[in-house]
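Atom set for the values below is all heavy atoms of this structure, side chains included, hydrogens, waters and symmetry mates excluded. Sequence lines set the chain letters: A, B, ... in the order given, protein chains first and strands last, and positions in each chain run from 1.
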Number of protein chains: 2
Amino acid sequence: MALTRARIVDAGHALLREQGLAGLTMRRVAQELGVAPGALYYHVANKQELLAEVAGRILADLPAPAEPRAAAQELRKALLRVRDSAELVSFVRAFRPAALGAERDLPLVFRELRADRARWAADTLVHFVLGFVAEEQNRAELVRLGILPDDGVDPGAAFGYGVDAIVAGLQPPPARRREASR
Amino acid sequence: MALTRARIVDAGHALLREQGLAGLTMRRVAQELGVAPGALYYHVANKQELLAEVAGRILADLPAPAEPRAAAQELRKALLRVRDSAELVSFVRAFRPAALGAERDLPLVFRELRADRARWAADTLVHFVLGFVAEEQNRAELVRLGILPDDGVDPGAAFGYGVDAIVAGLQPPPARRREASR
DNA sequence: ACCTGAACACCGTTCAAGT
DNA sequence: ACCTGAACACCGTTCAAGT
């Protein structure tokens, strides 16, 4: 079975899901594929490039956003499927600005709300989601390591509260507001 | 000069400021202090504990928040003084929940706005700030490495836009709203 | 073209031994 | 009590050499 870029990304994706960012090393990817570590560098320039590719996989099958609150919920759901993914996506967003999955189309949704600042509005919501889920996943890792007890609290309610507030605040200014929620 | 916990944290803080998270290693901290790496472990349990202490330093001299928007601006300003600090603070928040600096007092500010959900409201704002600044700092690191060109765009305006929207959305529900901004 | 073997310059952490 | 020296089990990346 030939070593390909796709197989390397698959192995990286699986490793991230199962072991988190600490378990996603070039050497382990190589081991998983039964090749020497150096072999990876024939198909991938460096670890950063692999991480970018894996981040793409995580957001690949996000449904096209129809409404901001649903989009935020879907984004969180996709992130929670893979350990440490919020941190990774934040990192990759820094050099692939907003070209990730259906998150890319979020400004289109906000265009109807406020055509002037659709990009800023979408980024505001996304930054909240990433900040929220990053902390959520960091805590989950600490619980897994036995450093923190599982307090059994579901963060979903706090998340929904934040999303509702932000989407409400992103509506056009109070002066000419029409159908705030729907 | 005796090796103390405080001197170790100082060295870690300096290293983070100057070299970022990648430059903050136990071995470099030891080198900076002229001791063997193992010596650190007599004063600090592990790297994680050192990171938590450094995060405390970063937020130590935040002014007490009087108003949400000012608090968000101050938090961003404090974070931007130290490379990679948003990621670090997010990590530390996961196991020292909201015990960091004056950020701790933010719920008090929101209590006047909506006593019911002061904690969630404060966290919503903080998660946005951390998500925003994390991406901002990740981008800055990539520019420093020459991987990304400096596009010269000031993120301050986008940040202010997001903060304004979120704080507006965090007001009590539209039905009984009084003096939304002041 | 594609991969191996071996190396280089690093990591965090532990621990016997010294003082 | 406090620190050194040396080791252990790792990293990402490079590169001559093989096929």
Value in whole Å for how far the [atom2] atom of [N] lies from [atom1] of [X]:
{"X": "Met26(A)", "N": "dT14(D)", "atom1": "CE", "atom2": "C1'", "answer": "12 Å"}
{"X": "Glu49(B)", "N": "dT13(C)", "atom1": "CD", "atom2": "P", "answer": "11 Å"}
{"X": "Arg7(B)", "N": "dC3(D)", "atom1": "CZ", "atom2": "C1'", "answer": "14 Å"}
{"X": "Gln31(A)", "N": "dC10(D)", "atom1": "CD", "atom2": "C1'", "answer": "12 Å"}
{"X": "Ile8(A)", "N": "dG12(D)", "atom1": "CD1", "atom2": "P", "answer": "13 Å"}
{"X": "Leu3(A)", "N": "dT19(D)", "atom1": "CG", "atom2": "P", "answer": "20 Å"}
{"X": "Leu21(A)", "N": "dG12(D)", "atom1": "CG", "atom2": "C1'", "answer": "14 Å"}
{"X": "Gln19(B)", "N": "dC10(C)", "atom1": "CD", "atom2": "C1'", "answer": "14 Å"}

Sidechain N-carboxylate O distance under 4.0 Å for [X], [Y]:
{"X": "Arg139(A)", "Y": "Glu136(A)", "value": "no"}
{"X": "Glu49(B)", "Y": "Arg5(B)", "value": "yes"}
{"X": "Glu18(B)", "Y": "Arg83(B)", "value": "no"}

Which one, [options], comes nearest to the side chain of [X]?
{"X": "Lys47(B)", "options": "dT13(C), dT4(D), dT13(D)", "answer": "dT13(C)"}
{"X": "Tyr41(B)", "options": "dT4(D), dT13(D), dG12(C)", "answer": "dG12(C)"}
{"X": "Arg27(A)", "options": "dT13(C), dA7(C), dC3(D)", "answer": "dA7(C)"}

Grab the two heavy atoms, one from Ser85(B) and one from Ile58(B), that are nearest each other, plus how far apart they are. CB-CD1, 3.8 Å
Leu40(B) or Ala22(A): which one's nearest nucleotide on DNA chain D is closer to the 5' end? Leu40(B)
Look at [X] and [N] and indicate whether a side-chain polar atom (N or O) is within less than 4.0 Å of OP1 or OP2.
{"X": "Tyr42(B)", "N": "dC2(D)", "answer": "yes"}
{"X": "His43(B)", "N": "dA1(D)", "answer": "no"}
{"X": "Arg28(A)", "N": "dC10(D)", "answer": "no"}

Mate of dA7(C) across any strand shown (Watson-Crick or G-U wobble, both atom pairs under 3.5 Å) is dT13(D)
Using Watson-Crick or G-U wobble geometry with both distances under 3.5 Å, which nucleotide pairs with dT19(C)? dA1(D)
Using modelled atom types only, decide if a donor and an acceptor are shared between the side chain of Arg28(B) and the backbone of Gly23(B) within a distance under 3.5 Å. yes
